[in-house]
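For reference, positions follow the sequence shown, starting with 1. Note that these values count all heavy atoms, side chains included, but never hydrogens, waters or copies made by symmetry. Numbering of ligands and ligand atoms starts at 1, following listing order.
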Amino acid sequence: MKFKTLTQYLVEQQRQNHALQAEVRLLIEVVGRACKSIGHAVGKGSLGGVLGSLESENVQGEVQKKLDVMSNEILLEANEWGGQLAAMASEEMETIHKIPNRYPKGEYLLLFDPLDGSSNIDVNVSIGTIFSILKAPAESSGREITEQDFLQPGTQQVAAGYAVYGPQTMLVITLGNGVVGFTLDRETGTWMLTNENIQIPADTKEFAINMSNMRHWAAPVRQYIEDCLAGTTGPLGKDYNMRWVASMVADVHRILSRGGIFMYPWDSREPGKPGKLRLMYEANPMSFIVEQAGGMATDSVNRIMDIQPTELHQRVGVVLGSKNEVERVRAYCAGS
Ligand code: P6P
(Lines give C-alpha, C1' and ligand atoms only; values in the text may rest on other atoms or scores of the structure.)
Protein backbone atom coordinates (compact mmCIF):
# COMPACT_ATOMS: atom_id res chain seq x y z
CA MET A 1 0.00 0.00 0.00
CA LYS A 2 1.38 3.44 -0.95
CA PHE A 3 1.19 6.08 1.80
CA LYS A 4 1.33 9.85 1.31
CA THR A 5 4.17 11.67 3.05
CA LEU A 6 3.66 14.59 5.43
CA THR A 7 4.98 16.94 2.75
CA GLN A 8 2.56 15.63 0.12
CA TYR A 9 -0.36 15.86 2.58
CA LEU A 10 0.48 19.46 3.52
CA VAL A 11 1.02 20.56 -0.11
CA GLU A 12 -2.36 19.08 -1.04
CA GLN A 13 -4.00 20.76 1.96
CA GLN A 14 -2.47 24.07 0.93
CA ARG A 15 -3.77 23.57 -2.63
CA GLN A 16 -7.28 22.53 -1.49
CA ASN A 17 -7.59 24.72 1.56
CA HIS A 18 -6.26 28.12 0.65
CA ALA A 19 -6.49 29.11 4.31
CA LEU A 20 -3.38 26.99 4.94
CA GLN A 21 -0.54 29.48 4.59
CA ALA A 22 2.80 28.36 3.17
CA GLU A 23 4.47 29.52 6.39
CA VAL A 24 2.28 27.21 8.46
CA ARG A 25 2.98 24.31 6.12
CA LEU A 26 6.73 24.89 6.44
CA LEU A 27 6.42 25.33 10.22
CA ILE A 28 4.71 21.97 10.63
CA GLU A 29 7.32 20.27 8.47
CA VAL A 30 10.12 21.77 10.59
CA VAL A 31 8.39 20.73 13.82
CA GLY A 32 7.95 17.26 12.29
CA ARG A 33 11.69 17.07 11.55
CA ALA A 34 12.51 18.24 15.09
CA CYS A 35 10.22 15.55 16.54
CA LYS A 36 12.11 12.93 14.51
CA SER A 37 15.34 14.13 16.14
CA ILE A 38 13.73 14.08 19.60
CA GLY A 39 12.37 10.58 18.97
CA HIS A 40 15.82 9.45 17.88
CA ALA A 41 17.39 10.81 21.09
CA VAL A 42 14.63 9.24 23.22
CA GLY A 43 15.15 5.91 21.46
CA LYS A 44 18.86 5.84 22.33
CA GLY A 45 18.11 5.85 26.08
CA SER A 46 21.12 4.86 28.13
CA LEU A 47 23.16 4.29 24.97
CA GLY A 48 22.99 8.02 24.34
CA GLY A 49 23.65 9.04 27.92
CA VAL A 50 20.39 11.00 27.83
CA LEU A 51 18.51 9.46 30.74
CA GLY A 52 18.36 10.82 34.25
CA SER A 53 17.82 14.25 35.75
CA LEU A 54 19.76 17.47 35.85
CA GLU A 55 20.37 19.54 38.97
CA SER A 56 18.18 22.28 37.46
CA GLU A 57 14.47 22.96 37.86
CA ASN A 58 12.15 24.39 35.20
CA VAL A 59 9.78 27.33 35.62
CA GLN A 60 7.22 24.88 37.00
CA GLY A 61 9.60 24.01 39.84
CA GLU A 62 9.99 20.50 38.41
CA VAL A 63 13.38 18.75 38.26
CA GLN A 64 14.46 18.80 34.63
CA LYS A 65 15.36 15.59 32.86
CA LYS A 66 18.31 15.71 30.46
CA LEU A 67 15.94 14.89 27.62
CA ASP A 68 13.59 17.75 28.60
CA VAL A 69 16.36 20.26 28.02
CA MET A 70 17.68 18.49 24.90
CA SER A 71 14.20 18.38 23.36
CA ASN A 72 13.65 22.04 24.09
CA GLU A 73 16.99 22.93 22.43
CA ILE A 74 16.16 20.80 19.38
CA LEU A 75 12.85 22.63 18.87
CA LEU A 76 14.38 26.09 19.40
CA GLU A 77 17.29 25.48 17.00
CA ALA A 78 15.09 23.89 14.34
CA ASN A 79 12.55 26.72 14.34
CA GLU A 80 14.42 29.96 14.93
CA TRP A 81 16.03 30.48 11.49
CA GLY A 82 13.13 29.71 9.08
CA GLY A 83 11.44 33.10 9.07
CA GLN A 84 7.95 31.80 9.93
CA LEU A 85 8.01 32.73 13.62
CA ALA A 86 7.94 35.91 15.66
CA ALA A 87 8.70 34.02 18.90
CA MET A 88 8.37 30.73 20.76
CA ALA A 89 7.22 29.66 24.24
CA SER A 90 7.90 26.40 26.05
CA GLU A 91 7.07 24.64 29.29
CA GLU A 92 10.83 24.56 29.90
CA MET A 93 11.42 28.30 29.58
CA GLU A 94 10.24 31.00 31.99
CA THR A 95 9.80 33.68 29.34
CA ILE A 96 9.25 33.74 25.60
CA HIS A 97 12.12 33.03 23.19
CA LYS A 98 12.38 35.86 20.68
CA ILE A 99 13.84 35.17 17.22
CA PRO A 100 17.49 36.35 17.18
CA ASN A 101 18.07 39.51 15.12
CA ARG A 102 20.30 37.59 12.66
CA TYR A 103 17.21 35.74 11.41
CA PRO A 104 14.07 37.04 9.63
CA LYS A 105 10.92 37.21 11.73
CA GLY A 106 7.52 35.85 10.72
CA GLU A 107 3.97 36.29 11.90
CA TYR A 108 3.41 33.05 13.82
CA LEU A 109 3.93 31.99 17.43
CA LEU A 110 4.97 28.44 18.32
CA LEU A 111 4.27 27.02 21.79
CA PHE A 112 5.35 23.57 22.95
CA ASP A 113 5.81 21.09 25.72
CA PRO A 114 9.01 19.61 24.31
CA LEU A 115 8.82 16.33 26.17
CA ASP A 116 5.57 15.60 27.98
CA GLY A 117 5.45 12.73 30.45
CA SER A 118 8.94 13.26 31.80
CA SER A 119 8.31 10.98 34.78
CA ASN A 120 8.19 8.13 32.26
CA ILE A 121 11.45 8.88 30.42
CA ASP A 122 13.70 6.73 32.62
CA VAL A 123 11.26 3.80 32.77
CA ASN A 124 10.82 3.39 29.02
CA VAL A 125 7.13 4.32 28.83
CA SER A 126 5.68 6.35 25.91
CA ILE A 127 6.29 10.12 26.07
CA GLY A 128 5.65 12.88 23.57
CA THR A 129 5.97 16.42 22.23
CA ILE A 130 2.93 18.73 22.13
CA PHE A 131 2.81 21.90 19.99
CA SER A 132 0.41 24.74 19.22
CA ILE A 133 0.58 27.43 16.53
CA LEU A 134 -0.95 30.88 16.97
CA LYS A 135 -0.78 33.95 14.77
CA ALA A 136 0.94 37.00 16.23
CA PRO A 137 -1.50 39.93 16.64
CA ALA A 138 -1.46 42.05 13.47
CA GLU A 139 -0.53 45.17 15.42
CA SER A 140 2.60 43.42 16.75
CA SER A 141 4.38 43.51 13.37
CA GLY A 142 6.02 46.87 14.00
CA ARG A 143 7.20 46.19 17.52
CA GLU A 144 8.86 43.66 19.83
CA ILE A 145 6.78 40.56 20.51
CA THR A 146 5.68 40.31 24.13
CA GLU A 147 4.35 37.53 26.36
CA GLN A 148 0.96 39.25 26.17
CA ASP A 149 0.84 38.47 22.42
CA PHE A 150 0.77 34.76 23.29
CA LEU A 151 -2.22 35.09 25.63
CA GLN A 152 -4.89 34.09 23.11
CA PRO A 153 -7.74 31.62 23.71
CA GLY A 154 -7.42 28.14 22.22
CA THR A 155 -10.00 29.00 19.57
CA GLN A 156 -7.32 31.20 17.96
CA GLN A 157 -5.00 28.25 17.23
CA VAL A 158 -4.04 27.91 13.56
CA ALA A 159 -2.80 24.35 13.98
CA ALA A 160 -1.82 21.93 16.75
CA GLY A 161 -0.30 18.49 17.10
CA TYR A 162 1.72 16.01 19.06
CA ALA A 163 4.36 13.40 18.46
CA VAL A 164 4.17 10.22 20.53
CA TYR A 165 7.41 8.25 21.03
CA GLY A 166 6.04 4.76 21.63
CA PRO A 167 6.17 1.35 19.94
CA GLN A 168 5.48 3.40 16.83
CA THR A 169 6.63 6.98 16.51
CA MET A 170 3.57 8.95 15.39
CA LEU A 171 2.72 12.55 14.55
CA VAL A 172 -0.93 13.61 14.95
CA ILE A 173 -1.98 17.05 13.68
CA THR A 174 -4.97 19.23 13.02
CA LEU A 175 -5.08 22.25 10.69
CA GLY A 176 -8.66 22.97 11.76
CA ASN A 177 -10.36 20.60 9.30
CA GLY A 178 -10.11 17.21 10.96
CA VAL A 179 -7.31 15.18 12.53
CA VAL A 180 -4.73 13.07 10.69
CA GLY A 181 -1.98 10.74 11.90
CA PHE A 182 1.46 9.96 10.46
CA THR A 183 3.65 6.99 11.33
CA LEU A 184 7.42 7.42 11.11
CA ASP A 185 9.07 5.09 8.62
CA ARG A 186 12.24 4.67 10.66
CA GLU A 187 14.15 3.24 7.69
CA THR A 188 13.69 6.32 5.51
CA GLY A 189 13.00 8.88 8.27
CA THR A 190 9.72 9.85 6.59
CA TRP A 191 6.35 10.67 8.20
CA MET A 192 3.78 8.54 6.34
CA LEU A 193 0.03 9.33 6.41
CA THR A 194 -1.54 6.26 8.07
CA ASN A 195 -4.70 7.73 9.69
CA GLU A 196 -6.70 9.96 7.33
CA ASN A 197 -9.69 10.93 9.46
CA ILE A 198 -9.33 10.26 13.17
CA GLN A 199 -12.70 10.31 14.99
CA ILE A 200 -13.32 9.76 18.72
CA PRO A 201 -16.36 7.53 19.47
CA ALA A 202 -19.03 9.60 21.26
CA ASP A 203 -19.45 7.00 24.02
CA THR A 204 -16.93 5.08 26.09
CA LYS A 205 -16.48 2.66 28.97
CA GLU A 206 -12.89 3.67 29.76
CA PHE A 207 -11.71 6.47 32.04
CA ALA A 208 -8.19 7.76 32.63
CA ILE A 209 -7.41 9.52 35.92
CA ASN A 210 -4.76 9.27 38.64
CA MET A 211 -6.86 7.46 41.28
CA SER A 212 -4.31 8.13 44.03
CA ASN A 213 -5.64 11.70 44.15
CA MET A 214 -9.23 10.63 44.84
CA ARG A 215 -9.42 12.05 48.37
CA HIS A 216 -8.34 15.45 47.00
CA TRP A 217 -10.98 15.80 44.26
CA ALA A 218 -14.08 17.97 44.40
CA ALA A 219 -17.15 16.03 45.49
CA PRO A 220 -18.84 15.83 42.03
CA VAL A 221 -15.69 14.35 40.46
CA ARG A 222 -15.41 11.84 43.27
CA GLN A 223 -19.08 10.93 42.83
CA TYR A 224 -18.64 10.45 39.06
CA ILE A 225 -15.67 8.11 39.52
CA GLU A 226 -17.47 6.20 42.30
CA ASP A 227 -20.41 5.76 39.92
CA CYS A 228 -18.03 4.50 37.20
CA LEU A 229 -16.55 2.02 39.69
CA ALA A 230 -20.08 0.87 40.63
CA GLY A 231 -20.44 -0.38 37.05
CA THR A 232 -23.71 -2.08 36.13
CA THR A 233 -24.72 -2.03 39.81
CA GLY A 234 -24.62 1.79 39.81
CA PRO A 235 -26.48 4.69 38.14
CA LEU A 236 -24.34 4.67 34.97
CA GLY A 237 -25.45 1.14 34.16
CA LYS A 238 -22.20 -0.01 32.52
CA ASP A 239 -18.90 -1.51 33.68
CA TYR A 240 -15.91 0.77 33.10
CA ASN A 241 -12.23 -0.01 32.49
CA MET A 242 -9.43 2.27 33.71
CA ARG A 243 -6.13 3.34 32.18
CA TRP A 244 -3.53 5.88 33.43
CA VAL A 245 -0.19 6.12 31.61
CA ALA A 246 0.81 9.43 33.27
CA SER A 247 1.87 10.71 29.85
CA MET A 248 -0.91 12.95 28.56
CA VAL A 249 0.21 12.31 24.97
CA ALA A 250 -0.09 8.53 25.41
CA ASP A 251 -3.48 8.75 27.16
CA VAL A 252 -4.87 11.19 24.57
CA HIS A 253 -3.53 9.07 21.70
CA ARG A 254 -5.37 6.04 23.11
CA ILE A 255 -8.56 8.10 23.34
CA LEU A 256 -8.18 9.27 19.73
CA SER A 257 -7.64 5.62 18.75
CA ARG A 258 -10.55 3.97 20.64
CA GLY A 259 -12.42 6.55 22.71
CA GLY A 260 -12.30 7.24 26.45
CA ILE A 261 -12.24 10.13 28.89
CA PHE A 262 -9.06 11.73 30.29
CA MET A 263 -9.31 13.66 33.54
CA TYR A 264 -6.85 15.80 35.46
CA PRO A 265 -9.31 17.85 37.54
CA TRP A 266 -8.73 20.47 40.21
CA ASP A 267 -7.71 18.97 43.50
CA SER A 268 -7.21 20.33 47.01
CA ARG A 269 -3.45 19.66 47.13
CA GLU A 270 -2.89 23.09 45.53
CA PRO A 271 -6.29 24.75 46.10
CA GLY A 272 -5.18 28.02 44.52
CA LYS A 273 -4.42 26.33 41.18
CA PRO A 274 -7.23 25.15 38.86
CA GLY A 275 -5.32 21.97 37.94
CA LYS A 276 -1.90 20.48 37.18
CA LEU A 277 -1.83 20.70 33.38
CA ARG A 278 -0.82 23.84 31.49
CA LEU A 279 -3.34 25.64 29.35
CA MET A 280 -1.23 27.12 26.54
CA TYR A 281 0.93 24.17 25.46
CA GLU A 282 -0.84 21.09 26.82
CA ALA A 283 -4.59 21.61 27.27
CA ASN A 284 -5.24 23.97 24.33
CA PRO A 285 -3.46 21.96 21.60
CA MET A 286 -4.92 18.69 22.89
CA SER A 287 -8.39 20.28 23.11
CA PHE A 288 -8.12 21.53 19.51
CA ILE A 289 -7.19 18.02 18.35
CA VAL A 290 -9.90 16.33 20.44
CA GLU A 291 -12.63 18.71 19.26
CA GLN A 292 -11.53 18.33 15.63
CA ALA A 293 -11.84 14.55 16.12
CA GLY A 294 -15.46 14.96 17.29
CA GLY A 295 -14.68 14.90 21.01
CA MET A 296 -15.09 17.50 23.74
CA ALA A 297 -12.68 19.27 26.12
CA THR A 298 -13.66 21.16 29.28
CA ASP A 299 -12.15 22.24 32.59
CA SER A 300 -14.96 20.00 33.97
CA VAL A 301 -17.62 22.60 33.15
CA ASN A 302 -16.36 25.23 30.69
CA ARG A 303 -14.94 24.68 27.19
CA ILE A 304 -11.13 24.85 27.52
CA MET A 305 -10.63 26.59 24.19
CA ASP A 306 -12.84 29.51 25.28
CA ILE A 307 -10.64 30.31 28.30
CA GLN A 308 -8.96 33.73 27.99
CA PRO A 309 -5.39 33.17 29.26
CA THR A 310 -3.90 35.60 31.78
CA GLU A 311 -0.46 33.98 32.24
CA LEU A 312 1.82 32.05 29.88
CA HIS A 313 2.22 29.09 32.25
CA GLN A 314 -1.23 29.07 33.75
CA ARG A 315 -2.75 25.74 34.66
CA VAL A 316 -6.23 24.38 34.03
CA GLY A 317 -8.38 21.42 35.00
CA VAL A 318 -8.82 19.02 32.08
CA VAL A 319 -11.65 16.66 31.16
CA LEU A 320 -11.51 15.58 27.51
CA GLY A 321 -12.41 12.76 25.16
CA SER A 322 -15.64 11.03 24.14
CA LYS A 323 -18.24 13.75 23.82
CA ASN A 324 -21.11 12.10 25.68
CA GLU A 325 -18.87 11.13 28.62
CA VAL A 326 -17.36 14.62 28.93
CA GLU A 327 -20.91 15.98 28.84
CA ARG A 328 -21.84 13.52 31.61
CA VAL A 329 -19.01 14.83 33.81
CA ARG A 330 -20.11 18.41 33.08
CA ALA A 331 -23.62 17.48 34.34
CA TYR A 332 -22.12 16.11 37.59
CA CYS A 333 -19.92 19.20 38.07
CA ALA A 334 -22.38 21.86 36.97
CA GLY A 335 -24.76 20.51 39.54
CA SER A 336 -27.38 19.86 36.91
P1 P6P B 1 0.66 12.49 37.64
C2 P6P B 1 3.28 14.56 32.83
O3 P6P B 1 4.14 15.07 33.81
C4 P6P B 1 1.96 15.30 32.92
O5 P6P B 1 2.16 16.65 32.74
C6 P6P B 1 0.98 14.73 31.91
O7 P6P B 1 1.61 14.30 30.76
C8 P6P B 1 0.33 13.59 32.66
O9 P6P B 1 -0.99 13.33 32.22
C10 P6P B 1 0.34 14.08 34.10
O11 P6P B 1 1.37 15.05 34.22
C12 P6P B 1 0.61 12.94 35.06
O13 P6P B 1 0.47 13.47 36.36
O14 P6P B 1 0.26 13.36 38.81
O15 P6P B 1 -0.29 11.32 37.44
O16 P6P B 1 2.11 12.07 37.65
Side-chain angles (χ1 to χ4, degrees), residues 35 38-39 42 51-54 56-69 71-72 89-93 111-132 160-166 170 172 206-218 221-222 225 242-257 260-271 273-290 295 297-300 304 312-321 326 329:
C35 289
I38 294 171
V42 166
L51 299 184
S53 300
L54 298 168
S56 55
E57 283 188 352
N58 64 13
V59 63
Q60 327 287 345
E62 295 164 340
V63 172
Q64 286 184 301
K65 302 282 188 179
K66 289 177 189 170
L67 271 170
D68 280 327
V69 174
S71 304
N72 196 63
S90 162
E91 179 191 72
E92 299 302 327
M93 302 186 302
L111 303 93
F112 47 83
D113 180 356
L115 204 57
D116 176 69
S118 301
S119 60
N120 284 324
I121 292 176
D122 297 345
V123 294
N124 197 17
V125 170
S126 298
I127 49 185
T129 298
I130 308 171
F131 69 91
S132 172
Y162 64 81
V164 52
Y165 312 115
M170 287 194 72
V172 173
E206 192 163 72
F207 67 86
I209 196 166
N210 183 337
M211 290 294 289
S212 69
N213 299 326
M214 191 162 200
R215 65 190 183 283
H216 304 302
W217 298 331
V221 171
R222 208 160 50 239
I225 294 295
M242 196 211 93
R243 287 284 182 275
W244 187 249
V245 181
S247 275
M248 184 185 197
V249 173
D251 282 314
V252 169
H253 190 73
R254 185 190 57 255
I255 288 168
L256 283 167
S257 305
I261 185 168
F262 171 95
M263 300 174 72
Y264 213 112
W266 170 92
D267 72 51
S268 59
R269 290 174 297 168
E270 295 192 273
K273 290 179 181 165
K276 170 181 184 183
L277 303 182
R278 291 80 174 180
L279 174 62
M280 297 303 295
Y281 39 77
E282 288 177 330
N284 268 341
M286 289 308 204
S287 298
F288 191 15
I289 292 166
V290 164
T298 70
D299 62 3
S300 78
I304 285 175
L312 186 60
H313 299 292
Q314 79 182 63
R315 297 167 187 261
V316 66
V318 178
V319 178
L320 59 76
V326 175
V329 171

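- Of the residues V249, L115, N284, the one that meets the side chain to side chain contact (heavy atoms under 4.5 Å, CB included) test with I130 is V249.
- With contacts defined as side-chain heavy-atom distances shorter than 4.5 Å, the pair V42/I38 qualifies.
- Ligand 1 has at least one atom lying under 4.0 Å from a heavy atom of A246.
- Panel note: side chain S247, backbone S126; a donor-acceptor pair is recorded below 3.5 Å.
- Per-residue contacts place G117 under 4.0 angstrom from the following atoms of ligand 1 (heavy atoms of the residue considered): 2 (C), 7 (O).
- Here the protein heavy atom with the shortest distance to atom 14 (O) of ligand 1 is Y264 OH, 2.6 Å.
- Remark: ligand 1 atoms within the under-4.0 Å shell around heavy atoms of N210 are 1 (P), 14 (O), 15 (O).
- Of all atoms in ligand 1, numbered sequentially from 1 with element shown, those under 4.0 Å from a heavy atom of W244 are 9 (O), 12 (C), 15 (O).
- Using cut-offs of 30° and 60° for the angle between ring planes, the Y264 and W244 rings count as tilted.
- Applying the 4.0 Å criterion to heavy atoms of F262 picks out, from ligand 1, the atoms 9 (O).
- Residue-level proximity to ligand 1 for L277 is carried by the side chain, the only part with a heavy atom below 4.0 angstrom.
- Polar contact check, D251 against ligand 1: no nitrogen or oxygen pair lies under 3.5 Å apart.
- Atom 9 (O) of ligand 1 has as its closest protein heavy atom M248 N, 3.4 Å.
- Listed for the R278 side chain is no donor-acceptor partner under 3.5 Å among the backbone atoms of H313.
- Atoms of ligand 1 found under 4.0 Å from any heavy atom of E282 (numbered from 1 in listed order, with element): 5 (O).
- For atom 3 (O) of ligand 1, the closest heavy atom belonging to the protein is K276 NZ, 3.8 Å.
- Between S119 and ligand 1, a contact under 3.5 Å exists for no N or O pair.
- Within 6.0 Å of CG on N124 lie no more than 12 heavy atoms contributed by other residues, nucleotides or ligands.
- No more than 12 heavy atoms of other residues, nucleotides or ligands shown are found within 6.0 angstrom of CZ on R215.
- Formation of a donor-acceptor pair under 3.5 Å by the R315 side chain with backbone atoms of K276 is found in this model.
- For ligand 1 and S247, the ligand atoms under 4.0 Å from any heavy atom of the residue are 7 (O).
- In this structure, R254 and V245 have side chains that are in contact, with non-hydrogen atoms separated by less than 4.5 Å.
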